Participant: 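The structure that follows is given in the form of structure tokens.
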Amino acid sequence: MPLGPGQRVLAVADDLSGAAETAAALLSRTTRTRVLLDPRTDTPAPAGTTTVFDLDSRQLSAADAAARITTVLTGLAPDTVVCKKVDSLLRGNLAAEIAALAATGRGVLLAPALPAERRTVRDGVLHTDGVPLHTGDAWRAETAAPPRSVAEALGVPVALLGLQAVRGQGHHLRTALREALATGLPVVADAETDADLDALLAATLDIDPRVVLAGSAGLALALGRTLGGGPPAPLPPPGPATRPLLVVVGTAEPVAAEQVRRLVTDGAALYALDHTPSHPGPALPPLRPGITVLTPRQDGPPDPAAARSIARHLARTAAALLDTAPGPADLVLTGGETARRVLDALGVRELRPRGQVHHGAVLAETPDGRTVVTRPGSYGGPDSLRLVARALRAPAARTPTTPTPPPTPAPPAPKPGRTSQDHAKGPLMNATPAAAAGTAPTTAGNTGALPVIAVTMGDGAGIGPEVIVPALLDPGTLSRIRPVVVGDAERLRRAAELLGLADQVEIVTVEGPADAEFTPGRINVIDLGLLPADLPWGKLSAVAGDAAYQYVRVASELALYGAVQGICTAPLNKEALHAGGHLYPGHTELLAHLTGVEEVSMMLSTDTVKVIHVTTHIGLIDAVARIEPGLVERTVRRGHDALVRAGVEHPVIGVCGINPHAGENGLFGYGEEEEKIVPALDVLRADGIDARGPLPADTAFFLAGRGDYDLIVAMYHDQGHGPVKILGLEAGVNLTVGLPVIRTSVDHGTAFDIAGTGTADPGSMIEALRQAAALAPNPTG
């Protein structure tokens with residue numbers, strides 16, 4: 001069933017952070033999205049409305065949780081799509097709630113995978129970071145033992161849809177799913193990637209749109225992508241420093257203490273409640289302008305039995321603090337139970353989501369104008385609260401007003417051969433505040449105002465190290481940027497040796513950009529030490545694939561809080577990346593995930609032609625199906641904006657068709673150009689963007705090559721890549737457009753056939769660094 005802007009959607013979640021996360025996932029399709037905190041709300045939803053209920057059922061009895069499900073499903077319009085947000089770790093009253101959904105007779109598809117948080121399902125078993133749920137410690141704060149499978153969590157027989165069936169092409173998946181639904185049992189589906197969830201969702205809606213879609217936020221995101229309608233409006237600008245911001249951290253997750261420490265280092269006041277809810281401590285000082293953190297003191301392991309009473313105590317304290325504020329105050333609430341209790345104490349019954357600061361950190365507004373960010377307790381890296389605070393408050397609000405705690409000394413760099421699990425946080429997470437903040441390093445030969453660019457080493461078995469070394473020794477490089485490699489220092493030394501450059505280069509390990517010095521002949525490396533010394537050149541390796549992922553992860557973390565102004569990537573090998581346990585189609589999608597961006601575009605750039613892609617790493621049939629006017633429009637806008645930032649005042653953009661001769665007025669194809677491309681061009685032209693087409697692809701690139709167009713928009717991967725590789729492969733650069741940070745890359749692969757021979761051409765890497773310099777902003781401090 002094709003879904004559109006007029007579709008009614010009802011979603012339910014068992015806690016507030018899950019409800020907000022679901023609403024944000026569905027937000028891109030419509031501005032009429034609401035989160036209701038009372039399941040008894042009897043407000044008919046008009047067409048085109050998404051309503052998300054927080055059932056607040058996580059701590060209820062199984063019977064009461066099921067009753068709340070029944071309440072909100074009573075009297076639904078028959079065409080309403082129903083989505084049940086389940087906890088991605090299978091916690092809460094999952095069995096009772098799924099049973100209540102199955103009792104409606106709609107059928108239930110349960111797909112709890114959440115690829116964005118590395119939570120996957122294989123053979124019906126939930127895995128976190130590749131570890132089965134029942135063998136890890138993800139349930140450490142729960143009173144019960146973790147289930148060994150999704151079926152065990154439900155306590156009833158299920159129909160299992162395995163990964164092979166999920167990845168079956170076209171009718172094969174639909175046949176397997178139809179047979180599973182016909183059993184009348186809940187269908188539990190394997191999934192490891194967003195593409196798996198997209199396929200499941202499309203097949204389910206095609207078979208029977210009345211089937212209840214039960215899953216984590218990953219499935220909600222897939223539903224949001226299917227519903228379409230364009231991206232949400234940008235988040236509102238940060239508020240003034242004088243408006244109080246209260247951050248309530250009600251989670252026992254280990255990363256929470258570091259998140260709080262970093263926010264306090266930035267100047268937030270800290271109120272750590274060191275008394276029990278039954279014995280209130282002394283009255284706290286009034287809430288002051290700026291940022292204040294409220295959290296319970298953790299003197300030992302978490303006590304699951306006390307979790308709810310602690311949340312209520314935090315809520316009462318937060319409400320009392322807000323009463324003392326000198327004016328309207330905003331909130332950041334981590335942990336679904338804590339978030340709900342705080343809003344209950346304030347009498348808030350509805351939230352209007354606006355978007356996400358990062359994955360899971362949802363920004364919403366209350367009817368009375370208060371801004372609230374909610375976030376699950378287990379989400380976000382060590383800088384999560386920093387990112388949220390910076391989105392809500394202008395920089396001046398972070399002026400330190402409390403003593404800064406001494407930095408934790410950084411540990412020594414890991415040795416070669418250490419696994420990514422041993423070094424999961426990366427050196428960035430152990431750096432001192434100065435190193436993490438990207439303070440301008442001492443630099444010889446430049447002013448210190450040049451952008452710092454993180455250069456990721458790519459697949460260490462490929463030619464990445466061999467093109468990085470000469471590119472960073474190129475005389476023009478240090479005149480444009482301050483490069484810091486994220487990779488493996490010993491591998492770079494081996495590359496320098498086989499290139500005959502060992503006596504011309506000094507490869508120095510640093511903890512972060514602040515430790516780097518930029519002098520001719522010196523290469524600064526944040527050394528993750530993930531590659532064994534005997535890693536062969538030119539051979540596919542899961543170890544090298546995992547390492548390539550870790551390099552990009554650390555570079556993304558550096559970029560997100562301003563330690564670097566851009567990223568330049570050496571090539572990775574997709575098969576090795578997947579073998580290493582990271583199921584992304586390529587760099588573009590990986591960077592989008594790591595930076596919390598739902599949609600980006602790939603742009604290839606040479607001196608002859610520039611091309612941006614509407615679709616990239618998917619099959620041709622799938623690409624044609626995915627192309628729609630909104631996606632075409634957003635892609636053209638991203639390309640237009642990138643060219644304007646690069647100095648092209650009025651770009652002329654040629655947009656390719658899909659079929660030969662761009663359909664030849666209906667002679668070829670089934671009217672795809674008129675249906676999928678022309679409406680987008682009409683909107684773009686009305687907005688003053690010079691977008692022309694649809695053009696026959698076989699002539700568009702010829703016209704661009706002679707200068708008629710500043711940019712060509714290709715509809716699918718090979719339509720754009722083929723001509724670019726003929727017209728300028730050696731000097732080509734791959735840009736990712738739409739990220740919150742500049743990213744450039746070489747326009748070639750790992751070249752395993754010549755890796756380790758010292759014959760790789762560094763020209764594309766030099767050009768990628770040059771374009772990173774041209775597009776990246778200079779640091780402000």
Side-chain angles (χ1 to χ4, degrees), residues 1-4 6-14 18-19 22 25-26 29 36 39 42 44-45 47 49-53 55 57 62-63 65-87 90 92-113 150-151 153-161 165-166 173-189 191 197-220 222-224 226-227:
M1 177 186 92
L3 303 181
Q7 184 66 50
R8 290 183 183 88
V9 177
L10 174 71
V12 292
D14 67 1
T22 303
L26 301 175
R29 63 177 286 271
L36 300 180
D42 186 20
T49 296
T50 293
T51 301
V52 184
F53 281 101
L55 300 181
S57 59
R68 290 197 178 180
I69 288 276
T70 302
T71 297
V72 297
L73 293 183
T74 300
L76 278 185
D79 63 344
T80 302
V81 172
V82 176
C83 178
K84 169 64 174 80
K85 162 67 169 63
V86 306
D87 182 78
L90 307 180
N93 284 302
L94 181 66
E97 291 175 338
I98 295 298
L101 293 169
T104 65
R106 282 175 165 250
V108 177
L109 172 74
L110 175 57
V150 180
L154 296 181
V156 296
V158 302
L160 179 61
L161 196 66
V166 171
L173 168 58
R174 284 163 174 76
T175 298
L177 179 57
R178 189 176 287 108
E179 291 174 350
L181 289 168
T183 66
L185 302 173
V187 178
V188 173
L197 294 174
D198 285 342
L200 278 168
L201 185 75
T204 306
L205 293 174
D206 183 56
I207 292 170
D208 186 353
R210 297 173 303 164
V211 171
V212 177
L213 306 168
S216 70
L219 192 64
L223 179 57
T226 298
L227 292 165

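Since the model is a prediction, treat every value here as computed from it, not as a measurement.
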Participant: Locate the shortest heavy-atom distance separating Ala25 from Ala217; write the atom from each residue and the value.
Facilitator: CB-O, 4.4 Å
Participant: How long is the straight-line distance from CG of Asp14 back to CG of Leu94, given to the nearest 0.5 Å?
Facilitator: 9.0 Å
Participant: Do Cys83 and Leu10 come within less than 4.5 Å of each other through their side chains, counting heavy atoms only?
Facilitator: no
Participant: I need the minimum non-hydrogen distance between Ala66 and Ala96, along with the two atoms involved.
Facilitator: CB-O, 3.9 Å
Participant: Could you work out, with side chain to side chain contact (heavy atoms under 4.5 Å, CB included) as the rule, every residue matching Ala102, not counting sequence neighbours?
Facilitator: Val108
Participant: Where do Leu173 and Ala199 come nearest, in terms of heavy atoms and distance?
Facilitator: CD2-O, 3.5 Å
Participant: Would you please name every residue forming a salt bridge (Lys or Arg N to Asp or Glu O under 4.0 Å) with Lys85, sequence neighbours left out?
Facilitator: none
Participant: Output all residues satisfying side chain to side chain contact (heavy atoms under 4.5 Å, CB included) with Ala99, sequence neighbours left out; order by chain, then residue number.
Facilitator: none
Participant: State which residues pass side chain to side chain contact (heavy atoms under 4.5 Å, CB included) with Ala77; sequence neighbours excluded, sorted by chain then number.
Facilitator: Arg8, Asp79, Thr80
Participant: Could you tell me which non-hydrogen atom of Pro186 sits nearest to which non-hydrogen atom of Val156, and how far apart they are?
Facilitator: CG-CG2, 4.5 Å
Participant: Do you know the tightest heavy-atom contact between Leu219 and Ala111?
Facilitator: CB-O, 4.3 Å
Participant: Can you sort out the partners of Ser57 under side chain to side chain donor-acceptor pair (under 3.5 Å), two or more places apart, ordered by chain and number?
Facilitator: Glu97
Participant: Show, in sequence, the C-alpha distance, side-chain angles and deciding distance for Leu161 and Val188, and conclude whether the side chain to side chain contact (heavy atoms under 4.5 Å, CB included) test is met.
Facilitator: CA-CA 6 Å; Leu161 196 66; Val188 173; over 6 Å; no
Participant: Tell me, which pairs form a side chain to side chain donor-acceptor pair (under 3.5 Å) where one or both residues lie in residues 178-188, sequence neighbours left out?
Facilitator: none
Participant: Holding to side chain to side chain contact (heavy atoms under 4.5 Å, CB included), I want the full list of residues that pass it with Val52, two or more places apart in sequence or in another chain.
Facilitator: Ala11, Ala19, Thr22, Ala23, Val35, Thr50
Participant: Report the distance from atom CZ of Phe53 to atom CD1 of Ile69, rounding to the nearest 0.5 Å.
Facilitator: 11.0 Å
Participant: Check the pair Val9, Leu26 against side chain to side chain contact (heavy atoms under 4.5 Å, CB included), reporting the backbone distance first and the verdict last.
Facilitator: CA-CA 9 Å; Val9 177; Leu26 301 175; 4.0 Å; yes
Participant: List the atom pairs, with distances to 0.1 Å, where a side-chain N or O of residues 208-215 and a protein N or O form a donor-acceptor pair under 3.5 Å, not counting sequence neighbours.
Facilitator:
from	atom 1	to	atom 2	distance (Å)
Asp208	OD1	Arg210	N	3.0
Asp208	OD1	Arg210	NE	3.1
Asp208	OD2	Arg210	NH2	3.2

Participant: For Asp87, enumerate each residue passing the salt bridge (Lys or Arg N to Asp or Glu O under 4.0 Å) test, keeping only those at least two apart in sequence or located in another chain.
Facilitator: Arg58, Arg91
Participant: Taking all heavy atoms of Pro157 and all of Leu185, pick out the closest pair and write down the distance.
Facilitator: O-CD2, 3.9 Å
Participant: Stepwise, does the side chain to side chain contact (heavy atoms under 4.5 Å, CB included) test hold for Asp206 with Arg174?
Facilitator: CA-CA 8 Å; Asp206 183 56; Arg174 284 163 174 76; 3.0 Å; yes
Participant: If you round to the nearest 0.5 Å, how far is CG of Leu181 from OG1 of Thr204?
Facilitator: 6.5 Å
Participant: Return the OG1 to CG distance between Thr51 and Leu36, rounded to the nearest 0.5 Å.
Facilitator: 6.0 Å
Participant: Please assess Leu76 against Thr104 for the test side chain to side chain contact (heavy atoms under 4.5 Å, CB included), listing each intermediate value before the final yes or no.
Facilitator: CA-CA 11 Å; Leu76 278 185; Thr104 65; over 6 Å; no
Participant: Any donor-acceptor pair under 3.5 Å linking the side chain of Ser216 with the backbone of Ala113?
Facilitator: yes
Participant: So, applying side-chain contact (heavy atoms from CB on, under 4.5 Å) with Leu110, which one of Leu90, Leu154, Val187 is it?
Facilitator: Leu154
